[in-house]
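One structure is given here, and the rest of the page talks about it.
Sequence lines set the chain letters: A, B, ... in the order given, protein chains first and strands last, and positions in each chain run from 1.
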Number of protein chains: 2
Amino acid sequence: MPIIKIALVDDHALLLAGLKMLISAQEDMRVVAEAQTAQEALKVIPATTPDCILLDISLPDMSGMELLPLLKERLPSSHIILLTMHEDQQYLKKGMELGASGFLLKRAMDQDLLYAIRTVYGGGIYIQPDMLKYMVGNKSASVNPQEKALALWNTLSPREQDVMIQLAKGFSSREIADACNLSEKTVATYRYRGFLKLGISRRSELVAFVMKIGVLS
Amino acid sequence: MPIIKIALVDDHALLLAGLKMLISAQEDMRVVAEAQTAQEALKVIPATTPDCILLDISLPDMSGMELLPLLKERLPSSHIILLTMHEDQQYLKKGMELGASGFLLKRAMDQDLLYAIRTVYGGGIYIQPDMLKYMVGNKSASVNPQEKALALWNTLSPREQDVMIQLAKGFSSREIADACNLSEKTVATYRYRGFLKLGISRRSELVAFVMKIGVLS
DNA sequence: CACCGTGTAAGAGAAATTCTTACATCCTTC
DNA sequence: GAAGGATGTAAGAATTTCTCTTACACGGTG
């Protein structure tokens, strides 16, 4: 079994240490370079020709987004996985366009990371399940639960979606009706139809649903 | 030289690993407990009577801010250092008022963390130099709304808090009663008393409230 | 044009919530 | 140690909200 050579770029010393420990514990992986700044990364990484680069988006001297194409230029065959703290669809899209092979939230669990590394090493693309909702309408046709839920959500009419959101926030039909200048009965209909389409029957299920697809703050 | 006993609470597996490695490498420190959720923390930490608890502010099941007084209550002599991702002066002030002994940004360097641990172990207060600017000139500043809301929240009994959370998640009294093996009427009483204490009367207000104080994920 | 999705809404029965009252415990506080 | 208060538990009655069915108008689309 070949060893996967990995380079780490993160200004966060503790996370760097954690990553290193985790990766070093794998039999088929080895950390061949680490850097805490973009400058350092450009200096030390190319000589090590890693198979995979874990790249933090926020670095002190340069954005990981800027560093990405520079690394890609020097190491066209290295697969780059972006690490980020926040669920930012902007970064996700841009990163993928710039040639990243993976996208991972830092709060990801160990297994996710290892799985991501092995996936991109094999030429695949790995994206955190949580983030996939931002990719909807994008070509990749992987059908996961999140995506299906979002598709289901989009079968609701605008009014229905609106009422569902308000309901999830705890508003009663009466409150929603007053806010929208509608009859309570009308709102009740939207509620009923929305529940019907979503295949649910209680407010708690609705809250869980909208949490899952992330249409609430 | 006595060994400093340290407990770690952070939902971030990688950071947890990094912290553990770093601390374990010190001759005078030992990790005696670690937890990834508030529940787990309350379960495993008290028995280990750590000298110092490193507590992440954002946890999946409860805010570190809420967990702090609970831990303080059980372990009055443990010094708690708050860890956070963001430079948030709100948290800093609140945390210090709630009895934290230290405040550290996660991007801190290793030395900072070790120095902070030794400082609070010796009875001192450690605050990240970067954060000190927020403390200038407002030692006992005005009680902010967040804080008042949290204080209000803490006037609720455990049962009441529990029911409030479930209600905010959209569960009905009946559902909560079934889940807790209580009479629906009992749950209704908790609901009523909780609403009374919080000065609210509708579910939507409750949702807004729990969102504000951050007791929901 | 007929059909379907959508926006709107009323009515009746079912369910949930509001508020009051009740009582036993446990814990302080005087 | 008795009184008082907060808490856990729960029932009853009045009120509100929700569920589900029915209804109709309107704009696309096959």
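- For A:K20, the salt bridge (Lys or Arg N to Asp or Glu O under 4.0 Å) partners two or more places apart in sequence, or in a different chain, are A:E34.
- Applying the side-chain contact (heavy atoms from CB on, under 4.5 Å) rule to A:Q26 yields the partners A:L22, A:D28, A:M29, A:L114, A:R118; only residues at least two apart in sequence or on another chain are considered.
- Annotation: side chain to side chain donor-acceptor pair (under 3.5 Å) contacts involving residues 42-55 of chain B, sequence neighbours excluded, comprise B:K5-B:T49.
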Review item, nucleotides 6-10 of chain D N/O atoms under 3.5 Å of protein N/O:
from   : atom 1 : to     : atom 2 : distance (Å)
D:dT7  : OP2    : B:K197 : NZ     : 2.8
D:dG8  : OP2    : B:S157 : OG     : 2.5
D:dG8  : N7     : B:R193 : NH1    : 3.0
D:dG8  : O6     : B:R193 : NH2    : 3.3
D:dT9  : OP1    : B:R159 : NH2    : 3.3
D:dT9  : OP2    : B:R159 : NE     : 2.7
D:dT9  : OP2    : B:R159 : NH2    : 3.1
D:dT9  : OP2    : B:Y190 : OH     : 2.6
D:dT9  : O4     : B:R193 : NH2    : 2.7
D:dA10 : OP2    : B:S183 : N      : 2.9
D:dA10 : OP2    : B:T186 : OG1    : 2.9
D:dA10 : O5'    : B:T186 : OG1    : 3.2
D:dA10 : N7     : B:T189 : OG1    : 3.1
D:dA10 : N6     : B:T189 : OG1    : 3.0

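- The separation between A:R203 atom CZ and C:dA15 atom P is 17 Å, rounded to whole Å.
- Residues that satisfy the side-chain contact (heavy atoms from CB on, under 4.5 Å) test with A:A17, not counting sequence neighbours, are B:M21.
- Among residues two or more places apart in sequence or in another chain, the side-chain contact (heavy atoms from CB on, under 4.5 Å) test is passed with B:A7 by B:A33, B:I45, B:P50, B:I53.
- Comparing the start and finish of the helix from C:dC1-D:dG30 to C:dC30-D:dG1, five pairs each, the helix axis swings through 30°, to the nearest 10 degrees.
- As rounded to whole Å, 22 Å separates atom P of D:dT16 from atom CZ of B:R174.
- With hydrogens and angles ignored, the 3.5 Å screen pairs a side-chain donor or acceptor of A:R203 with a backbone N or O of A:L167.
- Between B:E184 atom CD and C:dA14 atom P the separation is 16 Å, expressed in whole Å.
- For the pair A:R191 and D:dT19, the criterion of a side-chain N or O lying under 4.0 Å from OP1 or OP2 is met.
- For the OP1/OP2 pair of D:dT17 and a distance below 4.0 Å, the side-chain nitrogens and oxygens of A:S173 include no atom meeting the criterion.
- Residue pairs that meet the salt bridge (Lys or Arg N to Asp or Glu O under 4.0 Å) test with at least one member in residues 186-202 of chain B, sequence neighbours left out, are A:E175-B:R202, B:E160-B:K197, B:R202-B:E205.
- If you measure from atom CG of A:L206 to atom C1' of D:dT19, you get 15 Å, rounded to the nearest angstrom.
- Straight-line distance from the CD atom of B:E205 to the P atom of C:dT18: 11 Å, rounded to whole Å.
- A straight line from CG of A:L196 to P of C:dT6 spans 12 Å, rounded to a whole angstrom.
- Among the heavy atoms of the strands, none lies under 4.0 Å from A:R202.
- Residue B:Y192 places at least one side-chain N or O closer than 4.0 Å to OP1 or OP2 of C:dT20.
- Atom P of nucleotide C:dT17 and atom CD1 of B:I200 are separated by 13 Å, given to the nearest angstrom.
- Protein atom CG of A:D162 is 15 Å distant from nucleotide atom P of C:dT6, rounded to whole Å.
- Each of B:I23, B:V32, B:I81 was scored for a side-chain contact (heavy atoms from CB on, under 4.5 Å) with B:C52, with one residue passing: B:I81.
- For A:E184, the side chain to side chain donor-acceptor pair (under 3.5 Å) test picks out A:R174, with sequence neighbours left out.
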